[in-house]
Peer 1: 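Here it is, the structure, as structure tokens.
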Amino acid sequence: MPADPVKALAAAIAAAAGAELELERPGEAEHGDYATNVALRLAGARRKPPREIAAEIATAAEGLPAVERTEVAGPGFVNLFLRDEWFAAALSEILGDGAAYGSGGAERQERVQVEMVSANPTGPIPVSSARNGAYGDAVARLFELAGHEVEREYYYNDSGGQMDRFRASVEAARRGEEPPEDGYKGAYINDLAALKGDPVPLMLKEIESSLERFRVHFDSFRRQSELELRLPELLPRLDTYEKEGALWARSSAHGDDEDRVLLRSEDRSPTYRAADVAYLVDKLDRGFDRAIYVLGADHHGTRNWYAAVARMLGYDPERVEVLLYQLVHLTKGGEQTKMSKRRGDVVFLDDFMDEIGVDAARWYLVNRGPDQTIEIDIDLAAERSQKNPVYYVQYAHARIAGILRNAPDNAGNSLLLAKPLAPAERELVKRLAELPAVAAEALTKRGPQGVPTYAIRVADDFHRFYHEHRVLESEQQAFRLGLCLATQRVIATCLHLVGVEAPERM
RNA sequence: GCGCCCGUAGCUCAGUGGACAGAGCGGCGGACUUCUAAUCCGCGGGUCGGAGGUUCGAAUCCUCCCGGGCGCACCA
């Protein structure tokens, strides 16, 4: 069982009170260390006044050794005030899990594929696609932390109209000519022209290396052209019909918003929708319990398409999940810039990382909820980087590293309390104890922004503790060193989830 | 017209049923012979877009309205 002191306490109280309940941290210190609203929830079913139920639960809770006293407050909250012994035991439990604290929350392990970025290799990755990677990778890391097995995949089109225009643009540059109508422009086209061979794999290699620098690692790549080879065998398994010379999927009958063309009327060539079918089969037949698509909000119209394909082919649509995120808007000195790869005025991920650094870039792009549009003022990005909260969190980690460097070798392991705990110490322990719930909620919601928000709170509580109390050579040194170590691990775990480094020195 | 998302402090945003709504930035004022001041403390700042409804309780759930973004291809 992974360490989760709050859950354990809730379970103990639930057993004593005879009702399932959850504990929350009240906003006000005078409302106790933890509180539960379970009496309010039970009032209807039990047909008793909530305060009466609350009083019974409070009495039962007072029988526990961890509980110093209780209060029934407001309409029927039960407020719990805990003994120092509980804090020492909680910290001990957290430390007992070592660097793994916060992990292993999954009840049963799944094989998960996260397919992300998947931008066609017609140019370097723009910041807008980087959000896809930052978001998808953060969700992937949350799955991993919970104990699931995750593979990250990149899917791209290596044939078709876009790629033809891209290749033609590079060829034109090699001949010293202007790019064709609707072709691609930009310095990177000339860079590719200077090299030999098909520019598509060259471009893909550059994209991969940008993403590696961004700390998004792909386990595999899939090409549309190879998947299309399976279509003759797969299309007959779908619910289809002929109309105006084209082959249509009757996807609207299976939960999609409309029917989709699979084979074009002109030459019976497959659309990308047809390749989607082959790709979905390819994913699910590889044995993934869950196939996750990470898509920008401009693709929200296709949200139901994948589930419809799964249904038509007889797969459980629950295995297919589409995560949407809103777009990134770039402004320059307050003015909106429209981004177009073809015009070559995009802000590329590499430039963005050069400007503000990898850590700030990752933090910036997962800091906000996926449903929230991100506004980035490129002019302010560099300046703002020094004010980015990511450094505040990293600084807490580095500060602790400094303390641990100066600590005597034999100082660890004991959590003996020399004197009563100070409020800052109790607050910090409670904060660290939140990690399992924070990670679980972020995963359930597919909302990794909860992690950086929590990390700021941890750093906050630590910096305050640090300011008020000396660790080394204090009466409370043993306990405080343990507290520092646990805090450092929690921050390191949070930073890892976001894709940010945890520095030993700053 | 239809669909998805958003509207919370001057700005950028957390907060998906609980007790007087939070943070960062910006503004003002304090704290370093000390384990890292990239820190800490204080002050100022809000009809949670609007109106109804559900509930003991709503920023949060439902309905309508008003703003904004993004879609609605035999492009990907």
Side-chain angles (χ1 to χ4, degrees), chain A residues 24 26-28 30-31 35-37 40-41 43-44 49-50 73-77 79 118-120 122 155-157 160-163 165 224 243-248 257-258 260-276 296-304 324-327 329 364 367-377 380 383-384 386-396 398-407 441 445 447 449-450 452-454 456-457 459-460 462-474 477 480-481 484 505-506:
Chain A
E24 59 187 41
E28 292 282 320
E30 48 194 76
H31 292 150
T36 179
N37 62 4
L40 291 157
R41 296 181 179 283
F77 294 103
N79 296 336
S118 295
N120 284 338
T122 58
Y155 171 63
Y156 65 99
N157 187 4
Q162 266 190 22
M163 302 316 297
R165 283 198 298 279
Q224 186 171 320
K243 192 177 96 183
E244 294 163 6
L247 181 71
W248 291 70
D257 306 335
E258 54 190 346
R260 314 282 182 176
V261 173
L262 296 169
L263 298 179
R264 296 184 178 91
S265 55
E266 191 181 324
D267 56 359
R268 304 294 285 184
S269 65
T271 63
Y272 78 96
R273 302 266 181 208
D276 277 346
D298 51 340
H299 291 77
H300 78 259
T302 69
R303 175 166 233 179
N304 297 322
L324 294 172
Y325 61 92
Q326 296 297 315
L327 304 179
H329 288 158
Y364 209 105
N367 199 9
R368 261 124 208 163
D371 286 336
Q372 192 71 239
T373 305
I374 295 183
E375 306 277 346
I376 298 179
D377 189 321
L380 286 180
E383 176 198 342
R384 186 178 290 183
Q386 287 311 309
K387 293 162 184 164
N388 193 310
V390 70
Y391 300 107
Y392 177 79
V393 175
Q394 287 184 315
Y395 184 56
R399 259 186 161 176
I400 295 170
I403 296 171
L404 298 179
R405 271 195 301 274
N406 294 329
E441 192 192 352
K445 287 165 60 176
Q449 76 278 8
T453 303
Y454 168 68
I456 291 170
R457 293 285 81 77
D460 223 356
F462 174 75
H463 285 308
R464 190 172 300 115
F465 158 77
Y466 178 92
H467 185 259
E468 289 176 12
H469 305 286
R470 224 192 130 75
V471 175
L472 298 177
E473 290 151 30
S474 71
Q477 172 172 300
R480 288 177 182 164
L481 275 172
C484 285
R505 296 173 198 272
M506 284 180 76

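Proteins get letters first, then strands, A, B, ... in listed order; numbering begins at 1 in each. The basis for the numbers below is simple: all heavy atoms, side chains too, and nothing from hydrogens, waters or symmetry mates.
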Peer 1: Among all residues two or more places apart in sequence or in another chain, which pass the side chain to side chain donor-acceptor pair (under 3.5 Å) test with A:T373?
Peer 2: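 Listed in chain order: nothing, the list is empty.
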Peer 1: Out of B:G69, B:C74, B:A38, which has the shortest distance to the side chain of A:V261?
Peer 2: B:C74
Peer 1: Could you list, one pair per line, each protein nitrogen or oxygen that sits under 3.5 Å from a nitrogen or oxygen of nucleotides 23-33 of chain B, together with the distance?
Peer 2:
| residue | atom | partner | partner atom | Å |
| --- | --- | --- | --- | --- |
| B:G26 | OP1 | A:K387 | NZ | 3.4 |

Peer 1: Please pick, from B:U34, B:A76, B:A19, the nucleotide with the shortest atom-to-atom distance to any side-chain atom of A:R273.
Peer 2: B:A76
Peer 1: Listed by chain and number, what are the salt bridge (charged side-chain N to carboxylate O under 4.0 Å, His left out) partners of A:E468, not counting sequence neighbours?
Peer 2: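 With neighbours one apart ignored, the set is empty.
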Peer 1: Has A:H31 got its ring stacked on the base of B:A19, with centres under 5.5 Å and planes less than 30° apart?
Peer 2: yes
Peer 1: Looking only at the side chain of A:Y391 (C-beta and beyond, no hydrogens), which of the listed nucleotides B:A76, B:A38, B:C35 gets closest?
Peer 2: B:A38
Peer 1: Please list every stem that involves RNA chain B, where a stem is a run of 3 or more consecutive Watson-Crick or G-U wobble pairs with both pairing distances under 3.5 Å.
Peer 2: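 Paired runs of 3+ in RNA chain B: B:1-7 with B:66-72, B:10-13 with B:22-25, B:27-31 with B:39-43, B:49-53 with B:61-65.
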Peer 1: Begin from the C-alpha positions of A:S269 and A:D267 and carry the test side chain to side chain donor-acceptor pair (under 3.5 Å) through to its verdict.
Peer 2: CA-CA 5 Å; A:S269 65; A:D267 56 359; 2.8 Å; yes
Peer 1: Looking at B:C35, I'd like to know if its phosphate oxygens (OP1 or OP2) sit under 4.0 Å from a side-chain N or O belonging to A:R405.
Peer 2: no
Peer 1: From the options B:C41, B:A38, B:C74, select the nucleotide whose nearest atom is closest to the side chain of A:R464.
Peer 2: B:C41
Peer 1: Among B:A19, B:C70, B:A76, find the nucleotide with the atom closest to the side chain of A:A35.
Peer 2: B:A19
Peer 1: In whole angstrom, give me the gap between the C1' atoms of B:U8 and B:G24.
Peer 2: 15 Å
Peer 1: Using the test salt bridge (charged side-chain N to carboxylate O under 4.0 Å, His left out), find all partners of A:R260 that sit at least two apart in sequence or belong to another chain.
Peer 2: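 Salt bridge (charged side-chain N to carboxylate O under 4.0 Å, His left out) list for A:R260, sorted by chain: A:D256, A:E258.
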Peer 1: So what does A:N157 hit on the nucleic acid, given a heavy-atom distance under 4.0 Å: a base, only sugar-phosphate, or nothing?
Peer 2: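 The residue A:N157 makes sugar-phosphate contact but no base contact.
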Peer 1: Can you tell which of B:C74, B:A76, B:A38 lies closest to the side chain of A:Y272?
Peer 2: B:A76
Peer 1: What string of B, S and - do you get for nucleotides 3-16 of chain B 5' to 3' if you count protein non-hydrogen atoms under 4.0 Å?
Peer 2: BBSS-----BSSSB
